[in-house]
Amino acid sequence: MSLQFHNQLTKKVDPFTPQVAGKVSLYTCGPTVYNYPHVGNWSGYVYWDTLVRILQANNLEVTRVMNITDVGHLTGENEGDADQGEDKLQKGARREGKTAWEVAAFYTDDFMKGIDRLNLIKPTHVTKATNYIEEQLQLIRTLKEKGFTYEIDDGIYFDTAKFPTYANFADLDLEAQRAGARVEYNPEKRNHSDFALWKFSPAGEARDMEWETPSDLIEAGEERLGFPGWHLECSAMAMTLLGETLDLHTGGIDHIPVHHTNEIAQSEAATGVIFANYWMHNNHLKVNGTKISKSLDNGYTLDDLEEKGYSPLDFRMFVLQSHYRSEGNFTFENLDGAKNRLRNWRNIAALRHQTHDRLRDDDEKSTDDESVSLYASSQALVEALSNDLDTPAAYAIIDDAFSRIESINIEDIHQHALTTLLETIDSVLGLQLLETTKDISDDVKRFIIERERARENKDWHAADHLRDQIEKSGITVRDTAHGSIWEYTA
RNA sequence: GGCGCGUUGGCGGAGCAGUUACGCAGCGGUCUGCAAAACCGCGUAGAUGGGUGCAACUCCCAUACGUGCCUCCA
């Protein structure tokens, strides 16, 4: 089996080869911690978690860094957006009557809880931008020494004209952009696409987060407080922890033209080597067919979903139903479909509890057709995901395997093959099929056996009474030609 | 205003130039103590108009609608 991924550098699906055999360095752009993440934010993290899982399933040791943007960045100086001209964290702090530090700490904590709720594997390093200010300043220093920077009134900027391949990553038409721009840009900037590496604190504005600008970075005689530009932190933290060249860098599709383009420019200008060999981007999730935006109030959070009766795993099931590069659409009707599909999968997973004395565990039977095909499904699942994270194909493989299990006699299911398949699904898709399908209590099992006995005696009254008892435990029994099977009641 | 992208059955969602994707929901039948499940079957999918091809949902062009970026954004 071989891994291949769509790479923004080449704009096509390429075979994936890490720099060092058996190891992968991975950087994922993390959240700005000024608010609760919404379903669109989380969908990206679900995809990248699945990426980590499939890398690991291919026996690769993954070292992953995810940043926490816990420092405010001034957004553009222009009109058109209510958030314009104000630092999100400072704004959040004012809204909540706290300091920016407290706001960042609160939402960082919430984000980390969300990672657990969605069963996302914790990155090797979760790094806060404010813990890497020195590294960011050092990167500016390197860029200044190499002549890529200039200072204007409000900050230190990167001169994109000095990085000739700037437009390549996103296929930018810089001339057209400038000509078609609807908003004015800072006229002091040398080029429209130049971006701030370091911003000076505006005079008279009280900020919770600011640092002294080292004197060697600014013109002689100045003394200015400032804070890092947004793009800088990712480059500084990625290279500090993973080295100058990463294997893989992931993020949202919106990052291609600005954030990632700028990361590449500043990193490669500083080091002279390629910053990341593969770049993967998740498409955005819409809600009810439109963009998620504050004004529409459609950015549902995990709490919103739980209040409506959907678990984070229902949502995870929903996300992976569509390919990471296609645009998803979130509606509660769609979430219902995913929830039902997951419920059905769990009922298959529960079969392993009710078959152990009847299952074909003996070696001589482990090579029969059904068990072999289940082992093949485990293999096919990993191969589908290795092919550019093809989660829809993976789901189809699982459905196919499960419908075969449903259609054969329970005695003919090979327990080890089924358990192996479930373990594989859990390890690569993180759906916790095993964990969420615990065995039932001995009491309920006894009721089921008594009920089977009553049925043999055609004592339908007793049988129906026992079924009521069983249903009180959230279990439904159904009778097949080969005995009773229990399921979790929907 | 400039530059992109998308449009598949009730709802999601894939692949593919010619044989069932898959799921959720629905309908009919078989089976069955009841119930449920399972199994079998059903519903004239491919925005619209052209073009290329022996053949197009699949390639090309146009139109409509939707949507995104150009400003912070997963």
Side-chain angles (χ1 to χ4, degrees), chain A residues 28-32 34 37-48 73-88 170-185 192-193 230 250-259 281-286 289-294 299 317-318 321-324 326-331 333-345 347 384 390-400 402-403 406-409 455 458-461 463-464 467 471 476-481 484-487 489:
Chain A
T28 300
C29 281
T32 300
Y34 71 108
H38 54 61
V39 286
N41 301 129
W42 285 123
S43 74
Y45 299 118
V46 168
Y47 286 125
W48 304 134
H73 303 296
L74 281 187
T75 55
E77 311 80 352
N78 313 301
E79 308 171 51
D81 184 328
D83 281 347
Q84 287 291 345
E86 183 156 20
D87 172 331
K88 285 179 182 170
D171 281 332
L172 296 176
D173 183 341
L174 297 174
E175 278 308 312
Q177 271 198 7
R178 177 166 42 205
R182 288 202 295 193
V183 289
E184 296 295 313
Y185 64 95
H192 180 52
S193 52
W230 173 47
T250 67
I253 193 174
D254 52 294
H255 283 155
I256 294 172
V258 179
H259 183 50
H281 297 92
N282 62 288
N283 207 323
H284 281 183
L285 186 67
K286 291 186 196 172
T290 56
K291 183 185 177 174
I292 298 173
S293 74
K294 258 187 197 144
M317 184 81 182
F318 162 83
Q321 181 168 67
S322 49
H323 189 89
Y324 77 96
S326 70
E327 196 173 61
N329 187 24
F330 178 91
T331 66
E333 193 183 357
N334 298 344
L335 188 56
D336 271 329
K339 182 183 178 175
N340 290 342
R341 193 180 200 174
L342 180 58
R343 181 202 62 210
N344 293 341
W345 286 12
N347 282 330
D390 194 347
T391 53
Y395 274 30
I397 288 163
I398 293 167
D399 280 318
D400 177 61
F402 283 2
S403 73
E406 278 175 324
S407 65
I408 62 175
N409 293 344
R455 290 185 64 245
K458 301 201 188 298
D459 183 353
W460 312 127
H461 263 303
D464 290 348
R467 181 157 58 198
E471 298 222 334
T476 303
V477 268
R478 58 187 173 88
D479 304 317
T480 73
S484 298
I485 291 178
W486 58 264
E487 296 184 338
T489 307

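Lettering of chains follows the sequences in order, A, B, ..., and the numbering in each one begins at 1. Keep in mind the model is a prediction, meaning the values are calculated, not measured. Computation of the quantities below employed the complete heavy-atom set of this structure, encompassing side-chain atoms and omitting hydrogens, waters and symmetry-equivalent molecules.
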For A:G337, report the nucleic acid contact type (base, sugar-phosphate, nothing); a contact means any heavy atom under 4.0 Å. sugar-phosphate

Set of side-chain hydrogen bond (donor to acceptor under 3.5 Å, both in side chains) partners for A:W42, sequence neighbours left out: none

Per nearest nucleotide of RNA chain B, the residue lying toward the 5' end, A:N334 or A:G44, is A:N334

Can a side chain N or O of A:N344 be found less than 4.0 Å away from OP1 or OP2 on B:G23? no

Contact under 4.0 Å: A:S326 side-chain N or O vs B:A14 OP1/OP2: yes

Could you work out which one of B:G33, B:C70, B:C11 sits closest to the side chain of A:D464? B:G33

Measure all distances between protein nitrogen or oxygen atoms and nitrogen or oxygen atoms of nucleotides 19-22 of chain B, and list the pairs falling under 3.5 Å.
from, atom 1, to, atom 2, distance (Å)
B:C22, O2', A:R341, NH2, 3.3
B:C22, O2', A:D399, OD2, 2.9

For B:A38, does the base pair up with any side-chain atom of A:R478 as donor and acceptor (N or O, under 3.5 Å, distance only)? no

Just to be sure I understand the rule, does A:H323 reach a base, reach only the sugar-phosphate, or reach nothing, if contact means heavy atoms closer than 4.0 Å? sugar-phosphate

A:W230 side-chain N/O to B:C73 phosphate OP1/OP2 under 4.0 Å: yes

Pairs: protein N or O with nucleotides 64-66 of chain B N or O, under 3.5 Å:
none

Taking any heavy-atom pair under 4.0 Å as a contact, classify A:N340: base, sugar-phosphate, or nothing. sugar-phosphate

For the side chain of A:D479 and the base of B:C34, is some donor closer than 3.5 Å to an acceptor across the two? yes

Just to be sure I understand the rule, does A:V477 reach a base, reach only the sugar-phosphate, or reach nothing, if contact means heavy atoms closer than 4.0 Å? base

Between A:H461 and B:G33, does any side-chain N or O lie under 4.0 Å from OP1 or OP2? no

